Amino acid sequence: MTDPRLDTLLHACPGLRLKTDPADLEHYGRDWTRRWAPAPLAIALPGSVEEVQAVVRWANQNTVAVVPSGGRTGLSGGAVAANGELVLSLERLNKALDFNAVDRTLTVQAGMPLEAVHNAAREHGLQYPVDFAARGSCSIGGNIATNAGGIRVIRYGNTREWVAGLKVVAGNGELLEFNKGLIKNSSGYDFRQLMIGSEGTLGIVVEATLKLVDPPPATNVMLLALPSFEVLMQVFSAFRERMQLEAFEFFTDRAVHHVSAHGAQYPFAETYPYYVVTEYAAADEAGEAAALAAFEHCMEQGWVLDGVISASEAQAQQLWRLREGITEALARYRPYKNDVSVRISAMPAFLAEAQALIGGAYPHFDVVWFGHIGDGNLHINVLKPEDTSDAEFLGQCEHVTKLLAQVLHRFHGSISAEHGIGLVKKPYLSSTRDAAEIALMRGVKRAFDPLGLMNPGKVFDL
Ligand code: 2HG
Ligand code: ZN
């Protein structure tokens, strides 16, 4: 242990588990973005809320910045520690603490992986409905810090809908408890909601009381092949009018190309320009009949060219893999990512403009479009060509993102729908939030984190 500050940390928090090996610094100092070289001071792995508090108090006394760390699956650099910060990993605080059958709530520690939350809910015959591909690696605390969305937002909303109570260690080390599991609580500011999506800039989520619901209905999965972008929203409306959608996701032929190369099975004989994978309630014949009616209507209109319905759970998973495998299949190309949203009603016009802009801006780049079309949320991944330098690639992508941010501003959209602002989207925050709002954000940060030590430099600069 080289840095003398770490001796004082161990003195302030005897028994604290610390990691300082170069491999650990590298592992814990980055998230799924690969732009910044990790360079944390050390990794603290507290085993209790008291230890989290002790670490944060020590950080205040020694003016050391702290980067809270969950599963580090983020895509905006929110968990990057590249400036000598102390990484505070919640991975040891990973247990379910309490289940309340009457309230239908599950209280968990922040480091619990999302998938473990799903399993715990299922053991009680219920479900925690927020879900996405990184479920096995991400943590519930990170989900809360970014207000994570995912593939079932269309039906269940974002993470913030599902948090009934929150315990947070604020930037000064104080333990705060918000809302305490209440459904109704009209007693002033809702700090719980302020914490959700604050990306670790106000404090560290240590515990959450999550709402659970009835187990999901029996569902089927349908894969649709579409001729053009233009018909996407018509297909969405045709399906949404007729059935209870659990998910409605889109992707392009480029996505299929990459996920197939990465092992996913493609069910059609031909390829098509665009695809939708939708999951819908199909507990009885009526559900299935509605799905077929929507499908036939879309075929008659020429909006859909082909389709396949899952005949088994295994086939449903195969179809899902075409969509859920995209991020992993693209990772080796170190893509530049955009994660934008507009109101659903604005989607057709926004899509047309975005497509014209992106198509013209990157004529020679492989651009992969996909996302949660039913939520008005698009993911645009630009793959780095081998013969283009990192700096040139980034420069070009940032230039195009600036233009895209201007389009989003006109559409009253968001530069980050569900991945957070972190470091990656910080330069574009003002396209989504006006100056008065950003000034208020700074004031809120000062209130919870007077010395500005919680995840500094993320979302905005002080
Ligand atoms: C998804 O929807 C995730 O699969 C990741 O939000 C999106 O990799 C991305 O750009
Ligand atoms: Zn997504």
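No experiment lies behind these values; they were computed from the predicted model shown. Order of appearance sets the numbers: ligands from 1, and atoms from 1 within every ligand.
Near K337, meaning under 4.0 Å from one of its heavy atoms, ligand 1 places the atoms 8 (O), 9 (C), 10 (O). Taking a cut-off of under 4.0 Å to the non-hydrogen atoms of L75, the atoms of ligand 1 that pass are 5 (C), 8 (O), 9 (C). Within ligand 1, counting atoms from 1 as listed, the ones closer than 4.0 Å to a heavy atom of H372 are 2 (O).
The closest protein non-hydrogen atom to atom 2 (O) of ligand 1 is R323 NH2, 2.7 Å. Atom 10 (O) of ligand 1 has as its closest protein heavy atom N381 ND2, 3.0 Å. Nearest protein heavy-atom contact of atom 6 (O) of ligand 1 is H419 NE2, 2.7 Å. Among protein heavy atoms, atom 5 (C) of ligand 1 sits closest to T327 OG1, 3.2 Å.
Here 3 is the count of protein N, O or S atoms positioned under 2.8 Å from the Zn ion (ligand 2), waters not counted.
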Which donor-acceptor pairs under 3.5 Å do side chains of residues 338-345 form with protein atoms, sequence neighbours excluded?
unit_1: D339; atom_1: OD1; unit_2: N377; atom_2: ND2; d: 2.9
unit_1: D339; atom_1: OD1; unit_2: H379; atom_2: ND1; d: 3.4
unit_1: D339; atom_1: OD2; unit_2: A417; atom_2: N; d: 3.2
unit_1: D339; atom_1: OD2; unit_2: E418; atom_2: N; d: 2.8
unit_1: D339; atom_1: OD2; unit_2: H419; atom_2: N; d: 2.8

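Distance CH2/W32 to OG/S137: 5.0 Å, rounded to 0.5 Å.
Considering all non-hydrogen atoms of both residues, H258 and Y333 come closest at ND1-CE1, 3.6 Å. The two residues A282 and E288 come nearest to each other via the heavy atoms CB-OE1, 3.8 Å.
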Candidate pair F251 and Y274, rule ring pair (Phe, Tyr, Trp, His ring centres under 6.0 Å), full reasoning: CA-CA 6 Å; F251 46 97; Y274 299 95; over 10 Å; no

Residues E207, K95; criterion salt bridge (charged side-chain N to carboxylate O under 4.0 Å, His left out); working and verdict: CA-CA 10 Å; E207 254 177 59; K95 305 203 175 33; over 6 Å; no

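Where the criterion is an N or O separation shorter than 3.5 Å, residue side chain and backbone included, N338 fails it with respect to ligand 1.
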